[in-house]
Amino acid sequence: QVQLVESGGGLVQAGGSLRLSCAASGLSFSNYGMGWFRQAPGNEREFVAAISRDSFTRYYADSVKGRFTISRDNAENTVYLQMNSLKLEDTAVYYCAAARLAASMRGGSGMEYWGKGTLVTVPS
């Protein structure tokens, strides 16, 4: 049974930082691209970042480029999202996802597994 479990969400002031983690189990982690998506209230789920199986290639949404960094540890079956310079508009539930190809996640396709999400709130 595949499980993706996110952690690290919380309340953070604008300009602050958070590090999200996603621990994977039940799948061959190093054979999957991993990604992060988010869904703000009233909005559709959107792509945030993705990383290839070997960490060689990383993709970012324009809205987070330069502020967020995705990384992974294949020995620990964990993917991370370091979020810096947080803004009000980063408030959302953040979801971890696994796909065979990280590149496909940019277009919102290919995801085979999802976590249940962790809430990030940047208050006004």
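No experiment lies behind these values; they were computed from the predicted model shown.
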Side chains of residues 47-55: which donor-acceptor partners sit under 3.5 Å, not counting sequence neighbours?
residue	atom	partner	partner atom	Å
Ser52	OG	Asp54	OD1	2.8
Ser52	OG	Phe56	N	3.1
Ser52	OG	Thr57	N	2.9
Ser52	OG	Thr57	O	3.3
Asp54	OD1	Phe56	N	2.9

Legend entry - side chain to side chain contact (heavy atoms under 4.5 Å, CB included) against Lys116, all qualifying residues, sequence neighbours excluded: none
Inset, instruction - First locate atom CG of Asn77, then atom CD of Gln3, and finally report the distance between them rounded to the nearest 0.5 Å. - result: 12.5 Å
Inset, instruction - Mind jotting down which residue pairs meet the ring-ring contact (aromatic ring centres under 6.0 Å, His included) criterion with at least one end in residues 67-98? Sequence neighbours excluded, please. - result: none
Inset, instruction - Step through the shown structure and confirm whether more than 12 heavy atoms of other residues, nucleotides or ligands are within 6.0 Å of CD on Glu44. - result: no
Inset, instruction - Would you mind reporting whether Val64 and Met83 have side-chain heavy atoms less than 4.5 Å apart? - result: no
Inset, instruction - Answer with yes or no whether the hydrophobic clustering places Tyr59 together with Met105; edges join I, L, V, M, F, W, Y residues whose side-chain heavy atoms lie under 4.5 Å apart. - result: yes
Inset, instruction - Would you list the pairs meeting salt bridge (charged side-chain N to carboxylate O under 4.0 Å, His left out) in which at least one residue belongs to residues 71-81, sequence neighbours left out? - result: none
Legend entry - side-chain hydrogen bond (donor to acceptor under 3.5 Å, both in side chains) against Asp90, all qualifying residues, sequence neighbours excluded: Arg38, Arg67
Inset, instruction - Could you list all the disulfide (SG to SG under 2.5 Å) pairs where at least one residue sits in residues 43-73, not counting sequence neighbours? - result: none
Legend entry - With sequence neighbours excluded, residues passing salt bridge (charged side-chain N to carboxylate O under 4.0 Å, His left out) with Arg100: Glu112
Legend entry - Inter-residue atom distance Met34.CE - Leu81.CG, 0.5 Å rounding: 11.5 Å
Legend entry - Residue that, paired with Thr91, satisfies side chain to side chain contact (heavy atoms under 4.5 Å, CB included) out of Val122, Val120, Leu86: Val122
Inset, instruction - Grab the two heavy atoms, one from Ala92 and one from Ala40, that are nearest each other, plus how far apart they are. - result: CB-N, 3.8 Å
Inset, instruction - Show which residues join Val5 in its hydrophobic cluster (side-chain heavy-atom contacts under 4.5 Å, direct or indirect), or state none. - result: none
Inset, instruction - Examine Val79 and Leu4 and state if one hydrophobic cluster contains both, with Ile, Leu, Val, Met, Phe, Trp and Tyr joined whenever side-chain heavy atoms are less than 4.5 Å apart. - result: yes
Legend entry - Hphob cluster co-occupancy, Leu119 + Phe37, side-chain heavy atoms under 4.5 angstrom: yes
Inset, instruction - Indicate yes or no: at least one non-hydrogen side-chain atom of Trp114 is less than 4.5 angstrom from one of Cys96. - result: no
Solution key, residues 8-31 side-chain donor-acceptor pairs under 3.5 Å, sequence neighbours excluded:
residue	atom	partner	partner atom	Å
Ser17	OG	Asn84	OD1	2.9
Ser28	OG	Asn31	ND2	2.9

